Asks: 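I have a structure here, written as structure tokens, and I will follow up with some questions on it.
If you're wondering where the values come from, they're calculated on a predicted model, not measured in any experiment. Reminder, nothing fancy here: chain letters follow the sequence lines and each chain counts from 1.
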Amino acid sequence: MEVLEKGYEPAKVEDKWSSYWISKGYFHADVESSKKTFSIVIPPPNVTGSLHMGHALNNTLQDILARFRRMNGFNVLWMPGTDHAGIATQNVVERHLAQKGLNRHTLGREKFIEEVWQWRREFGGIIIGQLEKLGASCDWSRERFTMDEELSRAVREVFVGLYHKDLIYRGDYIINWCPRCQTALSDLEVDYEETEGYLYYLIYPLSRGKKSVVVATTRPETMLGDTAVAVNPNDDRYKGLIGKTVVLPIMEREIPIIEDEYVDKSFGTGAVKVTPAHDVNDFEMGLRHDLKFIKIMDEKGRMDENAGPYKNLDRFKCRKDIIEEFQKEGTLKKKERYSYNVGHCYRCKTIIEPTLSKQWFIKIKPLAEPAIDAVKSGKIRIIPESWEKTYFEWMNNIKDWCISRQIWWGHRIPAWQCDECGEITVSVENPTQCSACQNTNIRQDTDVLDTWFSSALWPFSTMGWPQKTKELELFYPTSVLVTGFDILFFWVARMIMMGLEFMGDVPFQDVYIHALVRDMEGQKMSKSKGNVINPLVIIDKYGADAFRFTLAALAAQGRDVKLSEERISGYRNFANKIWNASRFLLMNMEGYDEKVLERDKIKYTLCDRWIISRLNKMIDQIREALENYKFNEGAHLLYQFIWHEFCDWYVELVKPHLYQVKDVELRSTTQCVLLEVLGTILCLLHPFMPFITEEIWSKLPNTKDSITVHQYPESDQRLIDEEVEAEMGLIMDIIGNIRNIRGEMNVPPSKLIESFLYCEDEKLCERLEGNGDYIKNLAMVKTLSVSSQKKRYKSAATAVVNGVEIFLPLKGIIDFYEEEKRLEKERNKIDKKLELINKKLSNEDFLRKAPPDIVEKQRGESIQLIEKKRKLGKGITRMKELQNDG
RNA sequence: GGGCGGAUAGCUCAGUUGGGAGAGCACCGGCCUUACAAGCCGGGGGUCACAGGUUCAAGCCCUGUUCCGCCUACCA
């Protein structure tokens, strides 16, 4: 029999198993299989990404589900892959090029894209290997990339499909522009940050007369593009001015004063400067009032020729200069400190500039409606349910989705404009001529699609759509999507819309939304805060299993995960505990031969029956937890059972059985139960801790295949035995009470003492007598006498448990005064409980209205407590007497 | 402005047909007991944020208050 090394060293075994599982093809989803299916698509990490805590949590949970289902006989497909992450990747590669003194503009588009591919081949996708390290049981043979040819084909099909349904349009709209990335961003890609700044009050003189209007603004440079001043129609202050004009300072342009409900009378001066080409609201006012749209900045955020004297100035320098100019002219009425939200590019943090621009949009309402229904009807279940409300809130107020990006890395928009007639041709295959006039001078749109456009197709594009593949037939819709709430709108909602539109069915049945991983203080982990814990470092230090288990144990639904290293080391200890229990077991397997024992003839001891009963209860509870995404419950159940029931009690209880060389049958039975229980534990634990369970499993004498493909334990209700649990429970209580007395009385463990049990029930006496060895061994007592005849014990410490009185003669050791205090403390506790129960029992309403079983329970408890109190009282009296005697 | 979540032991948090207040860590005391000191045994510690209400019974359901997070929004 192989004996385990002392102490578990994860680093020695993890890689071995990772490659073993893959080489055996255990994670491969077979389309020819007739088994029921379970499928998950991974939220594809950015190809530039490296494993962070969010990934670790996300993929640990997915892996637990995948392994759980696989062991339950499902044909599991966990589809892995990466996302091309347009802006992020382009930025990374640009930085990379900059080190070589290159930039994309000098390279040109084609060369640059080749560089990105090159970069991807060299450095991209390292996260895949990191996921393997974590133990993720993805079907790696199916790894996909959003820019793969097949997936790009799907993107084009979808674009063309939507275009022909008039759900994609192109137009001039105000969009969020990042002057650094030089691209449009969707509303979701803008991060707003509260920023300290100033609110400037600018004086605009009326064209006629000496009066003027004062407008308040945080972005004075935009005044160069003002084409109106707006006031609220109900604002008496400005009643007479509507329809008149002011002269825009610097530009010397006459612009109208208009009325619009949008204007808030109470803010600033109640008069708003209107810059339709550089502000979302002003844009809409511009449309309503048919104003001019004057762009004053270029794509780099510099002032352009429409900015008059400020041409070529950076927008922030211009702001400064404009203010100086107003100051000089005496037309800056005042400035006041003001904090307001400023939008930043989510990728590079540059302040975004709302700009008028020609972009592609998806008309989203028609797609959103069925997506709302899918959740409303329960076709898709969002877990925890509380997120449904957030989903509906957003979906009901959804705005058209700007899908074009002015970058190079991504899916280029499959639209060609004719030089001749200007018509647009949209096509899956590259066209050679204009669809309207057949001219061959056509040029493809230079924009690429928002990365989330291709992500939205992920659940079916990865399975071969638009072809009708077996994968789609078998695995779509997927069983569950596991993701963080931060991409609920970016990704989840859009997948639902696209899935319904193109597959005619939802992309997944369940959406499990987990929380964010934060640091101990509850702060989001970020490089700038320096509070990042690197999962790879953690895996090296504590092992992937301990790490995974920690994440699962902390992943309570709807609550953030606050991660600390202490916690991880705690679960590392747990892994070690399992290791050592297994080590102990293997050290005592000598002579084990399962053939010696015939299943149905095995004579189990009480503690065997007890652990088997407990185990079978546990199996049901863990199954239920995992089926309901209660990862933390599952983890805690396992922890509790393995450590505090199996190790602390069962293994300790049976040690003497193993040392029995004479009673071969007893020894063999124990070996058998130990192996059975440990094996089951390992299976139950495997989805959480795949490596250590596989390692130990491989060393057990009664196992053949990999645990990865072993059947997940199922409970046998016939083995759950309440009577056995009660009886063992009583013995454990007795042991606990004796240990407690020893502890309180400072009796060293090495000191063996005598013990006496008294109880009136003769049958119980017999049973206790029969199981006396348990008490002797675990409570460190040398003699145990059980009797239904009450004797008088001098100088004995006492305890009462479930009608059984315990007497420990501790002559010379016991301090009567201390013992009296100990008993009194005990009695006080009982008094408190009794008080509460009596209050209930003396309440007639309670007796009349509460369910009978509850009342009965309380009565029973009351009787027990009274009896215990009486016995403790006697003990106290005795101690008092002894003190007087002494 | 709107929405969501949280407040339970020193710390981090579990706790759903409403009936037992719990875990891990930390702390205190005792142990190298032949699997494990990354361990074993024992112990102390809580007005379940506050105020009301429903109920025989509330950490849990309802109302309000305070404080803290997060999401979202078009007050320049």
Asks: Would the base of B:C36 count as contacting A:K577 through its side chain, where contact means a donor and an acceptor less than 3.5 Å apart?
Replies: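 Flag set: donor-acceptor pair detected.
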Asks: Would you mind reading off the distance between A:D486 atom CG and B:U72 atom C1', rounded to a whole angstrom?
Replies: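 For the pair A:D486 CG and B:U72 C1', the rounded distance is 15 Å.
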Asks: Measure CZ/A:F574 against C1'/B:A23 and give the value in whole Å, please.
Replies: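 Rounded to the whole Å, the gap is 13 Å.
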Asks: P atom, B:A57 versus B:G52: distance in rounded Å?
Replies: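 Looking at atom P only, B:A57 and B:G52 are 16 Å apart.
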Asks: For A:E261 and B:A76, what is the distance between atoms CD and P respectively, to the nearest whole Å?
Replies: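 Whole-Å distance recorded here is 19 Å.
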Asks: Quick one: label A:N341 by what it contacts on the DNA or RNA (base, sugar-phosphate, nothing), any heavy atom closer than 4.0 Å.
Replies: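 Contact class for A:N341: base.
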Asks: Between A:K699 and A:E695, is there a salt bridge with N-O shorter than 4.0 Å?
Replies: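 The answer is yes: the pair qualifies as a salt bridge.
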Asks: Angle class for the A:W643/A:F574 ring planes (parallel below 30°, perpendicular above 60°, tilted otherwise)?
Replies: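 Aromatic pair A:W643/A:F574 classed parallel.
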Asks: Once you apply a heavy-atom cut-off of 4.0 Å, does A:Y542 come out as touching a base, just sugar-phosphate, or nothing?
Replies: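 Nothing: the residue A:Y542, judged by heavy atoms under 4.0 Å, touches no strand.
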Asks: Just call it for A:Y262: base, sugar-phosphate, or nothing, with non-hydrogen atoms closer than 4.0 Å on any strand.
Replies: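 Here A:Y262 touches the bases of the nucleic acid.
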Asks: Taking any heavy-atom pair under 4.0 Å as a contact, classify A:K273: base, sugar-phosphate, or nothing.
Replies: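 It contacts nothing in the nucleic acid.
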Asks: Using a heavy-atom cut-off of 4.0 Å across all strands, would you classify A:K829 as base, sugar-phosphate, or nothing?
Replies: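 A:K829: backbone/sugar contact only, no base atoms under 4.0 Å.
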Asks: Between A:H644 and B:C41, is there a contact of a side-chain N or O with OP1 or OP2 at under 4.0 Å?
Replies: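 A:H644 to B:C41 OP1/OP2: no side-chain N or O under 4.0 Å.
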Asks: Give me the ring orientation class for A:Y650 and A:F646: parallel if the planes are under 30° apart, tilted from 30 to 60°, perpendicular past 60°.
Replies: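 Geometry flag for A:F646 against A:Y650: parallel rings.
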Asks: Scan A:R583 against the nucleic acid and name what it touches under 4.0 Å (heavy atoms): base, sugar-phosphate only, or nothing.
Replies: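 Here A:R583 touches the backbone only, sparing every base.
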Asks: Would you mind telling me which residue lines up with the more 5' stretch of RNA chain B, A:W643 or A:E633, judged by nearest nucleotide?
Replies: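 First, find each residue's nearest nucleotide; the 5'-ward one identifies A:E633.
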Asks: For B:A35, take OP1 and OP2 only and decide whether either is under 4.0 Å from a side-chain N or O of A:K655.
Replies: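 Affirmative; the distance criterion is met.
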Asks: In whole angstrom, give me the gap between the C1' atoms of B:U63 and B:C25.
Replies: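 Roughly 38 Å separates the two C1' atoms.
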Asks: With C1' as the reference atom in both, quote the distance from B:U8 to B:U47 in angstrom, rounded to an integer.
Replies: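 Per the computed distance, 12 Å lies between those C1' atoms.
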Asks: For the C1' atoms, the ones on B:G6 and on B:C50, what distance do you get once it is rounded to whole angstrom?
Replies: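 Here B:G6 and B:C50 have their C1' atoms 15 Å from each other.
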Asks: So A:R567, base contact, sugar-phosphate only, or nothing? Heavy-atom distance under 4.0 Å.
Replies: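 Base, at least one base atom sits under 4.0 Å.
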Asks: Round to a whole Å and report the spacing from NZ of A:K857 to P of B:G20.
Replies: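 So the two atoms are 7 Å apart, to the nearest Å.
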Asks: Expressed as a whole number of Å, how far does the C1' atom of B:A21 sit from that of B:C13?
Replies: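 B:A21 and B:C13 have their C1' atoms separated by 14 Å.
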Asks: Find the distance A:I642:CD1 to B:A35:P and express it as a whole number of Å.
Replies: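 It is 20 Å, rounded to the nearest whole Å.
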Asks: B:U72 phosphate, OP1 or OP2: any side-chain N/O from A:N397 under 4.0 angstrom?
Replies: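 The answer is no; no side-chain N or O of A:N397 sits under 4.0 Å from OP1 or OP2.
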Asks: Which nucleotide, B:G30, B:C40, B:C74, lies nearest any side-chain atom of A:N281?
Replies: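 Looking only at side-chain atoms, A:N281 lies closest to B:C74.
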Asks: Nearest whole angstrom, please: distance from the P of B:G20 to the CG of A:L865.
Replies: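 Interatomic distance, CG of A:L865 to P of B:G20: 13 Å.
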Asks: Provide the distance between the two C1' atoms, one in B:G53 and one in B:C11, to the nearest whole Å.
Replies: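 Per the computed distance, 34 Å lies between those C1' atoms.
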Asks: Side-chain N or O of A:K751 less than 4.0 angstrom from OP1 or OP2 on B:G30?
Replies: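 Checking B:G30 against A:K751, no side-chain N or O comes under 4.0 Å of OP1 or OP2.
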Asks: Could you give the CG-to-P distance, from A:L516 to B:C13, as a whole number of Å?
Replies: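 Atom-to-atom, A:L516 to B:C13, this comes out as 14 Å.
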Asks: Atom CD of residue position A:E385 - does it have more than 12 heavy atoms of other residues, nucleotides or ligands inside 6.0 Å?
Replies: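 No, the 6.0 Å shell around CD holds no more than 12 heavy atoms from other groups.
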Asks: Think A:Y338 has a side-chain N or O under 4.0 angstrom from the OP1 or OP2 of B:A76?
Replies: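 Answer yes for this pair, as a side-chain N or O of A:Y338 is under 4.0 Å from OP1 or OP2.
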Asks: Classify the angle between the aromatic ring planes of A:Y639 and A:Y571 as parallel (below 30°), tilted (30 to 60°) or perpendicular (above 60°).
Replies: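 If you compare the ring of A:Y639 with that of A:Y571, the planes turn out perpendicular.
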Asks: Could you tell me the separation between the CZ atom of A:F846 and the C1' atom of B:A58, rounded to a whole number of Å?
Replies: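 So the two atoms are 14 Å apart, to the nearest Å.
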Asks: Counting only side-chain nitrogens and oxygens, does A:Y659 get under 4.0 Å of the OP1 or OP2 atom of B:U33?
Replies: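 Checking B:U33 against A:Y659, no side-chain N or O comes under 4.0 Å of OP1 or OP2.
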Asks: If you look at every strand shown and take non-hydrogen atoms under 4.0 Å, does A:V651 touch a base, only sugar-phosphate, or nothing?
Replies: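 Base: the residue A:V651, judged by heavy atoms under 4.0 Å, touches a nucleobase.
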Asks: Just checking A:V274: base, sugar-phosphate only, or nothing, at a heavy-atom cut-off of under 4.0 Å?
Replies: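 A:V274: no heavy atom of the nucleic acid under 4.0 Å.
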Asks: Base, sugar-phosphate alone, or nothing: which one does A:V272 contact when heavy atoms must sit under 4.0 Å apart?
Replies: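 Answer is base: heavy atoms of A:V272 come under 4.0 Å of a base.
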Asks: Touch check for A:G197, heavy atoms < 4.0 angstrom, all strands: base, sugar-phosphate only, or nothing?
Replies: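 Contact class for A:G197: none.
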Asks: With a 4.0 Å cut-off on heavy atoms, is A:P748 in touch with a base, just the backbone sugar-phosphate, or nothing at all?
Replies: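 Contact class for A:P748: none.
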Asks: What's the gap between B:A23 and B:A14 when it is taken at their P atoms, as a whole Å value?
Replies: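 My reading of the P atoms in B:A23 and B:A14 gives 16 Å.
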Asks: Determine the contact category for A:N576: base if any of its heavy atoms lies under 4.0 Å from a base atom, sugar-phosphate if only primed atoms, P, OP1 or OP2 are that close, otherwise nothing.
Replies: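 Touches a base.
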Asks: Which whole number of Å gives the distance between the P atom of B:G69 and that of B:U12?
Replies: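 It works out to 14 Å between them.
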Asks: Which nucleotide in the set B:A14, B:A76, B:G42 lies at the smallest distance from any side-chain heavy atom of A:E744?
Replies: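 Nearest to the side-chain atoms of A:E744, counting from C-beta on, is B:G42.
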Asks: Determine, for A:E835 against A:K832, whether the closest basic-nitrogen to carboxylate-oxygen distance falls under 4.0 angstrom.
Replies: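 Salt bridge: no.
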Asks: If you assign A:K389 and A:K825 each to the RNA chain B nucleotide with the nearest heavy atom, which residue ends up on the more 5' nucleotide?
Replies: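 Checking each residue's closest nucleotide, the 5'-ward one belongs to A:K389.
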Asks: Hey, are A:R219 and A:E353 close enough for a salt bridge, meaning a charged N less than 4.0 Å from a carboxylate O?
Replies: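 Yes, A:R219 and A:E353 are salt-bridged.
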Asks: Is any side-chain nitrogen or oxygen of A:N573 closer than 4.0 Å to OP1 or OP2 of B:G39?
Replies: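 Yes.
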Asks: Confirm from the modelled atom types if A:E652 and B:A35 form a donor-acceptor pair under 3.5 Å, side chain to base only.
Replies: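 Pair found.
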Asks: Less than 4.0 Å between a side-chain N and a carboxylate O, is that true for A:D260 and A:R288?
Replies: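 Salt bridge present between A:R288 and A:D260.
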